[in-house]
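Here is the structure we will look at.
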Amino acid sequence: MIHARGLHKSYPDGDGQPQRVLAGADLDVAEGELVAVVGPSGCGKSTLLNLLGGLDVEYQGEIEVGGKKLRGLSDCELSLFRNRTVGFVFQSFNLLAPLTALQNVMLPSYFGSHGGEGGPQLEQRARAALARVGLEAKSGRRPAELSGGERQRVAIARALFGQPRLILCDEPTGNLDEKTGAEIIDFFVKLVREEKLTMVVVTHEERVSRAAAKVLRLKEGQLVAEGSRA
Ligand code: ADP
Ligand code: MG
């Protein structure tokens, strides 16, 4: 599903000198795999995820996702890729406060085409995504009326809405307590197992990596195997 080779990425530091964050990172993720990328804060996990999801196109190296080389894509193809092939889940949920859960899930449909589907079909698909995360009864609630775990489930439903093959998660349990975080992780494991989704989770939290079949550590800009537990 993912083949990344020789990823290099630097940011200018305060003095305008390049600060190397990725320095030849290689990554292979098979279809249907749940992979955790671990490492301390600041080691480059979000940077890596943004490259894999086509959110950042300034890097050296090659990235292929679902058989497509990202570098070759036009802006339009890249936004389709972000909308259709990948789903994103972030630590801070990134829900819009004035919108209901259902509207938040449907948000991606306001950007770009959705294969000619009309409003009712899109709404039905959004309701189905909410049902998958167990929140069909709360589709009319706004984020402020939901618990942290429920907000993250809405964000997961939004990621599932576009029926992506790959889900990229950046510290998905970072704002959740122990028990709620564990529920979200269990849900990820179930999604990958039952729906053959592929998932990459970047995190500094041990509890997430314990659930992953494959754990990679981001160290000095490179990815090294941390061992595997199938
Ligand atoms: P992590 O997600 O592992 O905490 P990040 O990928 O966010 O790490 O950041 C890695 C390093 O790159 C950090 O030192 C951070 O300060 C720096 N960095 C991240 N984004 C930017 C940016 N847009 N401009 C400059 N430096 C950045
Ligand atoms: Mg980060």
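We count ligands from 1, going down the list as the structure has it; atoms in each ligand are counted the same way.
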- Message: Between Glu226 and Ser209, is there a side-chain donor-acceptor contact under 3.5 Å, judged purely by atom types and distance?
- Response: no
Note: Cys43 and Leu218 closest approach over all heavy atoms is O-CD2, 3.6 Å
Of Lys138, Arg142, Arg141, the one forming a salt bridge (charged side-chain N to carboxylate O under 4.0 Å, His left out) with Glu150 is Lys138
Taking the basic N atoms (NZ, or NE/NH1/NH2) and the acidic carboxylate oxygens, is any pair closer than 4.0 Å for Arg5 and Asp28? yes
In ligand 1, the atoms that come under 4.0 Å of a heavy atom of Gln19 are 14 (O)
Practice prompt. Validate the cation-pi geometry between Arg158 and Phe93: distance from NZ or CZ to the six-membered ring centre under 6.0 Å, angle to the ring axis within 45°.
Written response: no
Atom 20 (N) of ligand 1 has as its nearest protein heavy atom Tyr11 CZ, 3.3 Å
- request: Decide yes or no for Phe188 and Leu197: does some side-chain heavy atom of the first lie under 4.5 Å from some side-chain heavy atom of the second?
  value: no
protein heavy-atom neighbour closest to atom 6 (O) of ligand 1 works out as Thr47 OG1, 2.6 Å
Item to complete: Could you tell me if any non-hydrogen atom of Gly39 lies under 4.0 Å from any atom of ligand 1?
Response: no
Looking at atom 15 (C) of ligand 1, would you say a protein heavy atom lies below 4.0 Å from it?
-> no
| task | Flag the pair Glu31 / Lys196 as yes when at least one side-chain heavy-atom distance between them is below 4.5 Å, and no otherwise. | result | no
A student checking ligand 1 against Ser41 at a 4.0 Å heavy-atom cut-off should list atoms 4 (O)
Tightest non-hydrogen contact, residues Phe161 and Leu122, listed as CE1-O, 3.4 Å
When distances are taken from atom 13 (C) of ligand 1, the protein heavy atom at minimum range is Gly42 O, 3.7 Å
Ignoring waters, protein N/O/S atoms under 2.8 Å from the Mg ion (ligand 2) are Ser46 OG
Note, Ile167 side chain near Leu160 side chain (heavy atom, < 4.5 Å):
yes
Answer with yes or no whether the hydrophobic clustering places Val224 together with Val21; edges join I, L, V, M, F, W, Y residues whose side-chain heavy atoms lie under 4.5 Å apart. no
For Lys45, the ligand 1 atoms with a heavy-atom partner under 4.0 Å come out as 1 (P), 2 (O), 3 (O), 4 (O), 6 (O), 8 (O)
If you scan protein heavy atoms around atom 7 (O) of ligand 1, the nearest is Ser46 CB, 3.7 Å
In this structure, atom 8 (O) of ligand 1 is nearest to the protein heavy atom Gly44 N, 3.2 Å
The atoms of ligand 1 lying under 4.0 Å from a heavy atom of Val21, numbered in the order shown, are 10 (C), 11 (C), 12 (O)
| message | Please determine whether the number of non-hydrogen atoms from other residues, nucleotides or ligands lying under 6.0 Å from atom CZ of Arg20 exceeds 12. | response | no
Is there any N or O on Cys43 that sits under 3.5 Å from an N or O of ligand 1?
yes
Between Lys9 and the options Thr47, Asn50, Asp56, the side chain to side chain donor-acceptor pair (under 3.5 Å) test singles out Asp56
